[in-house]
Amino acid sequence: MMTLLRQLATWLGLISPVTYAYPALDVSLTSGGRLHLVGSIHMGSEAMSPLPEVLLQQLQQSTALVVEADISDMGSPLQEEYEPIPLAERLDPERYQLFQQHCEALALSLNRFENLPAWHAALTLQAMQAQSLGLRPHYGIDYQLIQAAKAANIPVIELEGQQEQLAMLRQLPQGGVALLEDTLDHWHVNARLLQVMTGWWLEGPPAKSAAAMPATFSHALSEVLMRQRNTRWRDQLQALPSGHYVVAVGALHLYGDNSLPSLLQPVNAKQ
């Protein structure tokens, strides 16, 4: 009976008959559009290049590539912004000691962070942690997809763009201290999570039952950085003209409560 129900759901377009060797699923929209929703990792390893042939075929057949932001120039959009209160006074003593330890381990000068916004310090630490694990931006999935799309003259559509992302970070309360605190509190969990997500591309994606991921954001940050963004992206994707789109967003946006696929229901073609 379950097999028959699954076949019926597949015929109705509610469940995708295709599974992929990388984190992705197909979504049908009420507008007639079709999405190949890909869980990207923004920094990857050499083993993640070139992209899977199936994904490249999806891209070649697409109307456009949709990404969070076009990062093809590889230049950092971050500018030095002055924060008058020293970082040592914005963190509690225990976290500041952790911050010092991580900077020392990553060969980073403490002085460069003392008067930066906390969100800027957090992003720098996260990028350097990923780099220490052997990950590089030019092996990131979204970067490789953007390069392939531009080489094939396939349009690239941004859901946000780098300037909008920066504006969102600048609006975080207290200069994003909570983001830096979460980065420090979940340092080892973040490292493991990077390794797990890399494994999804090298060894295969998780089963749905195994998709529960550890929380690395506070509830307030998760609301801003995950749920609200997923909701905006859902509206933007549903407004796309009819066509076939490859959509690359951070892999964590595909899993958990209020994930992008769950928000695209009831016409979600689940794996």
Side-chain angles (χ1 to χ4, degrees), residues 23 39-43 68-69 77-78 81 83-103 105-106 108 110 113-133 135 159-160 162-198 200 206 210-235 249-263:
S40 177
I41 302 176
H42 303 312
M43 295 176 69
E68 296 179 29
L78 298 180
E81 300 181 31
E83 167 56 55
I85 302 175
L87 192 59
E89 298 179 22
R90 287 177 278 156
L91 292 173
D92 60 58
E94 292 79 10
R95 288 194 177 102
Y96 189 70
Q97 184 177 16
L98 277 177
F99 182 79
Q100 291 176 304
Q101 293 171 357
H102 294 317
C103 283
L106 295 169
L108 296 173
L110 276 173
F113 296 106
E114 277 301 322
N115 294 106
L116 285 180
W119 62 261
H120 192 158
L123 293 187
T124 302
L125 277 185
Q126 291 171 16
M128 294 303 296
Q129 181 187 45
Q131 186 168 311
S132 73
L133 295 173
L135 306 182
L159 290 170
E160 295 173 329
Q162 295 185 79
Q163 292 307 312
E164 183 176 333
Q165 291 176 337
L166 281 176
M168 174 181 61
L169 292 167
R170 291 183 179 120
Q171 291 171 5
L172 292 176
Q174 298 180 298
V177 167
L179 181 59
L180 180 54
E181 290 176 342
D182 283 356
T183 299
L184 296 170
D185 292 348
H186 302 292
W187 186 262
H188 298 294
V189 175
N190 284 334
R192 177 58 184 152
L193 196 54
L194 285 170
Q195 295 170 331
V196 168
M197 291 189 295
T198 300
W200 294 349
M213 304 304 298
T216 58
F217 290 135
S218 65
H219 175 75
L221 274 179
S222 182
E223 171 71 15
V224 173
L225 300 180
M226 301 296 289
R227 195 196 69 79
Q228 291 182 11
R229 294 171 78 201
N230 285 345
T231 300
R232 289 196 300 271
W233 295 350
R234 175 202 61 192
D235 296 342
V249 297
L252 292 182
H253 291 277
L254 267 60
Y255 301 101
D257 295 336
N258 298 306
S259 67
L260 186 55
S262 69
L263 292 175

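In this chain, numbering begins with 1 at the start of the sequence shown.
The two residues L125 and L106 have their closest heavy-atom pair at CD2-CD1, 4.1 Å. Annotation for A251 and M197: closest pair CB-SD, 4.0 Å, computed over non-hydrogen atoms. Here the closest heavy-atom approach between residue P261 and residue H253 is recorded as CD-O, 3.7 Å. Contact between M43 and L135 at its shortest, heavy atoms only, is CE-O, 3.4 Å. In this structure, L260 and R234 approach most closely via the heavy-atom pair CD1-N, 3.8 Å. Contact between E181 and L91 at its shortest, heavy atoms only, is CG-CD2, 4.1 Å.
Summarising the geometry, atom CG belonging to D235 is positioned 11.0 Å from atom CG belonging to L159; distances are rounded to the nearest 0.5 Å. With rounding to the nearest 0.5 Å, the separation of OH in Y96 from CG in L110 is 5.0 Å. Distance CG/L225 to CG/L169: 7.0 Å, rounded to 0.5 Å.
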Take R192 and V189 through the side-chain contact (heavy atoms from CB on, under 4.5 Å) test and state the conclusion after the steps.
-> CA-CA 5 Å; R192 177 58 184 152; V189 175; 5.7 Å; no

Passes side-chain contact (heavy atoms from CB on, under 4.5 Å), N258 versus M226? Steps please.
-> CA-CA 8 Å; N258 298 306; M226 301 296 289; over 6 Å; no

Let me see the working for L254 and V249 under side-chain contact (heavy atoms from CB on, under 4.5 Å), right down to the final yes or no.
-> CA-CA 8 Å; L254 267 60; V249 297; 3.6 Å; yes

Please report the C-alpha distance between R227 and N230 in whole Å, then the side-chain angles of each, then the deciding distance to 0.1 Å, and finally whether the side-chain contact (heavy atoms from CB on, under 4.5 Å) criterion is met.
-> CA-CA 5 Å; R227 195 196 69 79; N230 285 345; 5.8 Å; no

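When atom types are taken as modelled, the side chain of R95 and the backbone of D182 share no donor-acceptor pair closer than 3.5 angstrom. Side chain of S222 to backbone of H219: no donor-acceptor contact under 3.5 angstrom is found.
Under the 4.5 Å side-chain criterion, counting only non-hydrogen atoms from C-beta, R232 is in contact with R229. Two residues are said to be in side-chain contact when any heavy atoms from C-beta on lie closer than 4.5 Å; L116 and L87 fail this criterion. Side-chain contact between L252 and L193 is present, with at least one heavy-atom pair separated by less than 4.5 Å. Side-chain contact between H186 and F217 is absent, with no heavy-atom pair separated by less than 4.5 Å.
Atom CD1 of I85 has 12 or fewer heavy atoms from other residues, nucleotides or ligands within 6.0 Å. The environment of CD in Q100 is crowded: more than 12 heavy-atom neighbours from other residues, nucleotides or ligands sit within 6.0 Å.
Considering only residues two or more places apart in sequence or on other chains, F113 meets the ring pair (Phe, Tyr, Trp, His ring centres under 6.0 Å) condition with F99. For H42, there are no ring pair (Phe, Tyr, Trp, His ring centres under 6.0 Å) partners at least two apart in sequence or on another chain.
Among the candidates L194, L179, L180, the single residue satisfying the side-chain contact (heavy atoms from CB on, under 4.5 Å) test with Q126 is L179. If you run salt bridge (Lys or Arg N to Asp or Glu O under 4.0 Å) between R170 and each of E81, E164, E83, only E81 comes through.
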